[in-house]
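Worksheet: the structure to be examined is printed underneath.
Numbering of ligands and ligand atoms starts at 1, following listing order. Predicted model only: the values in this text are computed from it and were never measured. Atoms considered below: every heavy atom in the structure, side chains included; atoms not considered: hydrogens, waters and symmetry mates.
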Amino acid sequence: MSAIPKTFRVKSFGCQMNVYDGERMAELLGASGMAAAGEGEDADLVVLNTCHIREKAAEKAYSDVGRLRREDGSKPLVALAGCVAQAEAGEAKARSAMIDIVVGPQAYHRLPQMVVEAAAGRRLVDTDMPALSKFDALPVRRRATPSAFLTVQEGCDKFCTYCVVPYTRGAEISRPWDDVVAEAQALVEGGAREIVLLGQNVNAWADGNRGLSGLIRQLAVIPGLERIRYTTSHPVNMSDDLIGAHADVEKLMPYLHLPVQSGSDRILKAMNRSHTAASYLRTIEKVRVARPDIAISGDFIVGFPDETGADFEATLNIVDEVRYASAFSFKYSPRPGTPAATMENPIPAEVMDERLQRLQAKLAEHSTAFNRSCIGRETRILIDRKGRKPGQMIGKSPWLQSVFVETEAAIGEMVDVRIDHALPNSLGGSVVRQAVAA
Ligand code: 5AD
Ligand code: SF4
């Protein structure tokens with residue numbers, strides 16, 4: 001039995017969809033009368049919004065939970081949320097006496113009620129997956145960051161053999177058109193100038209016969225909204241319509257995150273990716289015809305079971321063909337319950353390490369080359385944070401690079417800059433003029 005919490009803290013790990021969920025949980029707790037704890041301040045309620053995608057996720061979550069015990073031996077109310085909560089469900093209560101609430105990604109709209117019950121001494125688990133009701137139960141959004149996330153699609157039916165997502169986030173569902181447009185409008189009214197549409201398979205978003213390209217075109221007419229992005233896409237859902245939007249929707253930014261995972265058809269088949277290296281390259285080619293300056297980003301897994309040296313070389317080859325502007329690369333990590341976890345010929349750790357290093361060296365060459373190709377270019381950036389040096393601000397280019405500039409412009413403003421120099425992960429520029437809103 002403890003008092004109903006007055007203050008809360010939500011800590012999100014993992015993907016952007018988790019960040020979005022974390023923001024919505026914070027809004028929900030705020031709307032139910034609690035206040036966000038200030039920096040360094042003890043919170044009465046701590047929500048750990050966890051990620052389960054790779055290595056030892058559950059162990060990490062339990063050790064994070066353990067660290068919430070205060071020096072005087074007391075503890076806050078602890079809610080385990082996110083994908084580890086979904087995967088562990090009732091187990092979590094048994095594994096850690098610190099945990100009061102276990103709440104899955106489709107059930108967090110019930111969090112305020114669960115907090116009240118937990119304060120009365122009950123330990124609760126809710127990992128139901130009711131389709132969509134979560135969004136209906138969340139408060140209207142009133143404040144937004146200059147670049148705001150908006151989840152439009154959740155879950156996955158693709159069942160890549162290495163991936164836990166179909167199990168933790170459930171089947172693919174799309175939010176209705178009207179709900180998405182209303183949330184986008186609220187975000188813009190709350191200060192957003194860029195909206196990033198999110199989904200595990202965002203380009204599979206559909207409402208009846210309307211797809212993501214139609215939604216993007218609709219959002220593009222919202223006054224005050226300057227930029228639209230979307231992530232993450234699956235190669236098989238990269239429709240001609242969506243590719244066409246990159247050619248003619250000016251607000252759609254020239255950036256596409258399109259994971260390939262491997263360049264070897266044999267491995268892609270074992271991964272159940274339903275595309276080949278050649279079909280992926282054809283898609284990239286079409287996207288580049290539509291938008292020649294587009295920045296392509298990707299995800300890679302090295303050391304999938306039975307990956308030979310030749311398979312890995314094929315991955316290096318596709319990296320050279322695509323010339324990725326940025327990328328995320330990972331060592332394969334067996335996820336309990338997924339088909340790949342029991343496949344034969346696991347790859348020894350030292351081979352994985354060596355392959356990851358070689359892949360990352362090659363990816364860094366390409367991202368550095370892409371960044372260098374921007375030197376001398378004039379472009380518009382959206383300021384999103386302060387830099388470390390006095391007077392320095394950091395903004396995002398259309399190609400999602402971080403650009404450091406000296407300017408008096410505030411967070412949320414746009415400035416036109418000339419790119420002066422390039423590093424592997426960022427650019428430096430000087431202001432040409434302050435941009436006026438469209
Ligand atoms: N092991 C390693 N990487 C993985 N990813 C997903 N599941 C695994 C796994 N079991 C990577 C993929 C995916 C990204 C979000 O995480 O590259 O695109
Ligand atoms: Fe996981 Fe594959 Fe679905 Fe992506 S497409 S979420 S990698 S199963």
Per-atom contacts of ligand 1 with K331, taking only distances under 4.0 Å to non-hydrogen atoms
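Taking each heavy atom of K331 in turn, ligand 1 has 1 (N), 2 (C) under 4.0 Å.
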Presence of salt bridge, D100 and K93, under 4.0 angstrom:
no
At under 4.0 Å between heavy atoms, is it the side chain or the backbone of Q261 that contacts ligand 1, or both, or neither?
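The side chain, only.
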Contact region, F330 to ligand 1, non-hydrogen atoms below 4.0 Å, reads side chain
For the pair Y332 and F304, name the ring-plane relationship: parallel under 30°, tilted 30 to 60°, perpendicular over 60°.
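Taking F304 first and then Y332, their aromatic rings stand perpendicular (interplane angle over 60°).
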Show your working on salt bridge (Lys or Arg N to Asp or Glu O under 4.0 Å) between D64 and R67 and close with a plain yes or no.
CA-CA 5 Å; D64 288 344; R67 275 201 298 275; 2.5 Å; yes
Determine, considering heavy atoms only, which of I301, I53, D299 sits nearest to atom 13 (C) of ligand 1.
D299
Walk me through whether E172 and N201 qualify under side-chain contact (heavy atoms from CB on, under 4.5 Å).
CA-CA 8 Å; E172 237 168 71; N201 278 293; 3.4 Å; yes
Y332 N/O under 3.5 Å from ligand 1 N/O:
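N/O-N/O distance below 3.5 Å does not exist for this pair.
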Step through the shown structure and confirm whether more than 12 heavy atoms of other residues, nucleotides or ligands are within 6.0 Å of CZ on R372.
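No, because the 6.0 Å sphere around CZ of R372 holds 12 heavy atoms or fewer from other groups.
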